[in-house]
There are 2 protein chains.
Amino acid sequence: MDIAEVAKASGLPASTLRFYEEKGLIQSNGRFGLRRLFSANVIERLALISLGRSAGFSLDEIGEMFTPEGPDINRTLLLAKADELDSKIKALTSMRDGLRHSAACNAPNHFECPKFLRLLRVAGKNRFRQANIKLKRKVRTYLP
Amino acid sequence: MDIAEVAKASGLPASTLRFYEEKGLIQSNGRFGLRRLFSANVIERLALISLGRSAGFSLDEIGEMFTPEGPDINRTLLLAKADELDSKIKALTSMRDGLRHSAACNAPNHFECPKFLRLLRVAGKNRFRQANIKLKRKVRTYLP
DNA sequence: GCTTGACTTCAAGTTGACTTGAGCTTTTAT
DNA sequence: ATAAAAGCTCAAGTCAACTTGAAGTCAAGC
């Protein structure tokens, strides 16, 4: 397949495909003149990348999942990611419930609605930041 | 409360709190000298912001949820966001299942495991990009 | 009364994930 | 045979969400 076909099939712009190739997330298997040639299985790989992105993983993290550094390290990493997703799913679910409730609720302000506040507090229990932000943030110096 | 107390209670650095205030996501209610004073309810608001961020909303989107432009527009927006979250939850769930399966599976490569590929295809059905990326991306010129 | 340390502002820097543009080459349609 | 369309590379630009740094202010403790 040439890059335009991959773009069409995956829904990603060609520039993104070149960028992903440069990052090592996908491979082209040869050239026709200058032009990259891709094999069909790149589509599945791109689907997985999109899925991972939408789940909040960084491209680097997705890359790690593809290239197991050792058999056990990889397994452990995958399970850790799965657990991370679990708490993300919980947060999303309470966010969703909160939004639905807010839409139905006739309190003047969501912050005055006890149901909303309860959802907020429940959700706050498994609080976390986005993975890629968490990783790069240094130890804070604002606390004693 | 002064900014350090808010930082401690919310887990966010003071610089972020100033940044959020500048963006209009939170308000300080007065000053003591130069120093901002916050009322205690800012903590709940920050919890909601963190929750929204972890659910993948941009700060601008979160801001929109706070400031209803009209009573109905707001309600519709909230429900739309809730639906968006629903498909996000589905994607995360299949991603999580895929990861857990991969960790347990002994196929040499996840792409050779039919169970994994099936999960991938199911997840691909409700494919989407991250909201903030989707919003800024122009109409693509790569397709005919 | 002066130092200290927590605060302030404002501008500039950073990071991840792409996109855009310039300038070139190659394929394809006429 | 030639021009348009599609690819290519490589550098630079963009955007959101913060962070960092410099330079100043101010209340509190000694």
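Predicted, not measured: the structure shown is a model, and the values here were computed from it. Hydrogens, waters and symmetry mates are skipped; everything else that's a heavy atom, side chains included, is used.
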**Item:** Between C/dT19 (P) and A/Leu17 (CG): distance, integer Å
**Value:** 10 Å
**Side-chain N or O of A/Thr16 closer than 4.0 Å to phosphate OP1/OP2 of C/dT19** = yes
**Message:** Rounded to whole Å, how long is the line connecting atom CD of B/Glu22 with atom P of C/dC10?
**Reply:** 8 Å
**Item:** Contact summary for B/Leu92 and A/Ser54, nearest pair of heavy atoms
**Value:** CD1-O, 3.8 Å
**Item:** Distance in angstrom units between B/Phe38 CZ and C/dA6 P, rounded
**Value:** 17 Å
**Prompt:** Under 4.0 Å between a side-chain N or O of A/Tyr20 and OP1 or OP2 of C/dC18?
**Reply:** yes
**Message:** What's the closest nucleotide to the side chain of A/Leu59 if the choices are C/dA17, D/dG24, D/dA17?
**Reply:** C/dA17
**Prompt:** Nearest-Å distance, CG (A/Leu37) to P (C/dT26)?
**Reply:** 15 Å
**Request:** Say whether, by atom type as modelled, one donor and one acceptor occur between the side chain of A/Arg100 and the main chain of B/Leu79 under 3.5 angstrom.
**Result:** no
**Request:** Look up atom OG in B/Ser58 and atom CZ in B/Arg53, then write down how far apart they are to the nearest 0.5 Å.
**Result:** 7.5 Å
**Request:** Quickly work out the A/Asp2 CG to D/dC8 P distance and round it to whole Å.
**Result:** 8 Å
**Gap between atoms CZ and C1', on A/Phe19 and C/dA17 respectively (whole Å)** = 5 Å
**Prompt:** How long is the line joining CZ of A/Phe32 and C1' of C/dT28, in whole Å?
**Reply:** 10 Å
**Prompt:** 5'-most contact on DNA chain C: A/Gly33 or A/Lys23, nearest heavy atom basis?
**Reply:** A/Lys23
**Request:** Would you tell me if any nitrogen or oxygen in the side chain of B/Arg36 comes within less than 4.0 Å of OP1 or OP2 on D/dT25?
**Result:** no
**Asked** A/Glu21 has an atom CD; how far is it from atom C1' of C/dA17, in whole Å?
**Response** 17 Å
**Message:** For a quick check, tell me whether the side chain of B/Arg53 and the base of D/dA17 share a donor-acceptor pair closer than 3.5 Å.
**Reply:** no
**Request:** Please determine if B/Glu84 and A/Arg96 form a salt bridge, counting it only when a charged side-chain N lies under 4.0 Å from a carboxylate O.
**Result:** no
**Request:** Measure across B/Phe57 and B/Lys81 and return the closest heavy-atom pair with its distance rounded to 0.1 Å.
**Result:** CE2-CD, 3.3 Å
**Message:** If you only use heavy atoms from C-beta on, which nucleotide in C/dA17, C/dT8, D/dG7 is closest to the side chain of A/Arg35?
**Reply:** D/dG7
**Prompt:** Looking only at side-chain N and O atoms, does A/Arg18 come under 4.0 Å of OP1 or OP2 in D/dC8?
**Reply:** yes
**Asked** Given C/dT19, is OP1 or OP2 found less than 4.0 Å from the side-chain N or O atoms of A/Ser15?
**Response** yes
